[in-house]
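Shown next, in structure tokens, is the structure this report addresses.
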Amino acid sequence: MKIKQENNNIILEEVDSFDIEQILECGQCFHFDKLEEKEYVLVAKDHLLHIKQVGEKITFYDTDEHTFETVWRSYFDLDRDYSQIKNWLIENEKRVLNQNGALEQVIIEKSGIRILNQDFFETLISFIISQNKQIPHIKQIVNTLSIKYGEPAGEINAKEYYCFPTIEKLSKVSDSEMRLCKTGFRAPYILNACEKILDGTIKEESLLNCSFRQAREELMQIKGVGSKVASCVALFSLSKRDAFPIDVWIKRIMERIYFEKETPKSEIEQFADRIYGEYGGYAQQYLFYYARDLGLK
DNA sequence: GACCAGGGATCGT
DNA sequence: ACGATCCATGGT
């Protein structure tokens, strides 16, 4: 990877496995705007980023080296060797199945995906909101909460963007106010999550220092957080790359490519552990995006 | 353990 | 237009 500073911009070249469209649109994050083809504005970690990709060249507009190094390098998972992960997954699938599997083609098609290292609180609330909702609606709610309760993050093309609210701010919102943001029955879940963090039941620090399974157990103490939401939070904000969140899409694609019949989630989870192991999270993201694009039924 | 509410935008017909 | 669906979960 080559890093250049040009005017006020940071330019990346020769980045392996990086497609800004696939990274943002694959369903792992919700706080961004598409401006043009492969040109986006996103708000993350209390920073605003205007980013554009043309071929192999990626421009981080109005970004200094210090911000790039301290915020975006880790956010975009730039120190991870994705080629090694892809190769391992394809080889291990072959070993377990004793023949070539379907994952290789999925990975080739979605090879520009990276798993973002997102903020814990924002990820937790976003995935509580996500249940039974489609991505455009999740984005709308995250946006509404940020505008109403977050700090200004900056302006691009005459549009003001807002940071995701702090836990203190969000915890003081009333149930009825929260429902005005279209959160519906999830409103008490969001408030319960704030409560459990503020009273110390849930500690990000200890979640970072334990196994995926332990972290999932602890997160599930929050009302409205089940196995799927907890797995997403662990994968996207706690570096648990062995997490394998199973939703309807993953269930459908796994049933199609490995089982060829209806299969309980518990069995799918066990199988994923065996075939994808410590890289389950990456496999899940390739498969999820692929299945959604396919519009699998 | 199977079923159903809950809330509303979006998608498919 | 309008009904079905939706990156689940908790309660019954």
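These numbers come from a predicted model, not from an experiment. By convention in this document, chain letters (A, B, ...) are assigned in the order of the sequence lines, proteins followed by strands, and residues within each chain are numbered from 1.
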Apply the test ring pair (Phe, Tyr, Trp, His ring centres under 6.0 Å) to residues Phe212(A) and Phe244(A): give CA-CA distance (whole Å), side-chain angles for both, the deciding distance (0.1 Å), then the verdict. CA-CA 10 Å; Phe212(A) 159 56; Phe244(A) 192 82; 9.8 Å; no
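Close placement of the Phe30(A) and Phe127(A) rings is indicated, their centers lying within 6.0 Å of each other. Under the 6.0 Å cut-off for aromatic ring centres, Tyr149(A) and Phe164(A) do not qualify, their centroids lying 6.0 Å or more apart.
A cation-pi arrangement is present between Lys139(A) and Phe32(A) under the rule of less than 6.0 angstrom and at most 45 degrees off the ring axis. For the pair Lys110(A) and Tyr290(A), the cation-pi test (distance below 6.0 Å, angle within 45°) is failed.
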Convert the base pairs of DNA chain B into dot-bracket notation, remembering that pairs crossing earlier ones are written with [ ] and that bases paired across to another strand are shown as |; include only Watson-Crick or G-U pairs under 3.5 Å. .||||..||||||
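The side chain of Arg252(A) places an N or O atom within less than 4.0 Å of a non-bridging phosphate oxygen (OP1 or OP2) of dC6(C). The shortest distance between the side-chain N/O atoms of Gln131(A) and the OP1/OP2 oxygens of dG6(B) is not below 4.0 Å.
Tyr286(A) and Gln22(A) form no side-chain donor-acceptor contact under 3.5 Å, judged by distance and modelled atom types alone. No side-chain N or O of Ser74(A) forms a donor-acceptor pair with one of Asn117(A) less than 3.5 Å apart.
Residue-environment remark: NZ (Lys251(A)) exceeds the threshold of 12 foreign heavy atoms within 6.0 Å. Within 6.0 Å of atom CD in Glu217(A), 12 or fewer heavy atoms from other residues, nucleotides or ligands are found, so the atom counts as exposed in its surroundings. Heavy-atom neighbours of Glu36(A) CD from other residues, nucleotides or ligands within 6.0 Å: at or below the threshold of 12. More than 12 non-hydrogen atoms from other residues, nucleotides or ligands lie less than 6.0 angstrom from CD of Glu269(A).
Rounded to an integer number of Å, the gap from CD1 of Ile129(A) to C1' of dG7(B) is 13 Å. Spacing between atom CD1 of Ile141(A) and atom P of dG6(B) amounts to 18 Å, rounded to whole angstrom units. Rounding to whole angstrom units, CG of residue Asp247(A) and C1' of dT5(C) are separated by 14 Å. As a whole-Å value, the separation of Lys265(A) NZ from dG1(B) P is 16 Å. Here the C1' atom of nucleotide dT9(C) and the CG atom of Asn132(A) are 9 Å apart, to the nearest Å.
For the pair Gln284(A) and Met220(A), nearest-nucleotide mapping onto DNA chain C gives the more 5' position to Gln284(A).
For DNA chain C, the neighbouring residues in residues 178-199 of chain A, judged by any heavy atom under 4.0 Å, are Tyr189(A). Less than 4.0 Å separates DNA chain C from at least one heavy atom of each of the following residues of residues 222-245 of chain A: Ile222(A), Lys223(A), Gly224(A), Val225(A), Gly226(A), Ser227(A), Lys228(A), Val229(A).
Counting any heavy atom pair closer than 4.0 Å across all strands shown, Ile246(A) reaches no nucleic acid atom. Contacts of Gln285(A) with the nucleic acid, taken as non-hydrogen atoms under 4.0 Å apart, are absent.
Of the P atoms belonging to dG11(C) and dG7(B), the separation is 15 Å, rounded to the nearest Å. Using P as the reference atom, dC4(B) and dT5(C) are 15 Å apart when rounded to the nearest Å. The C1' atoms of dG10(C) and dA9(B) are separated by 23 Å, rounded to the nearest whole Å.
For the side chain to side chain contact (heavy atoms under 4.5 Å, CB included) with Tyr75(A), the lone residue among Leu42(A), Leu49(A), Thr70(A), Asp119(A) that qualifies is Leu42(A).
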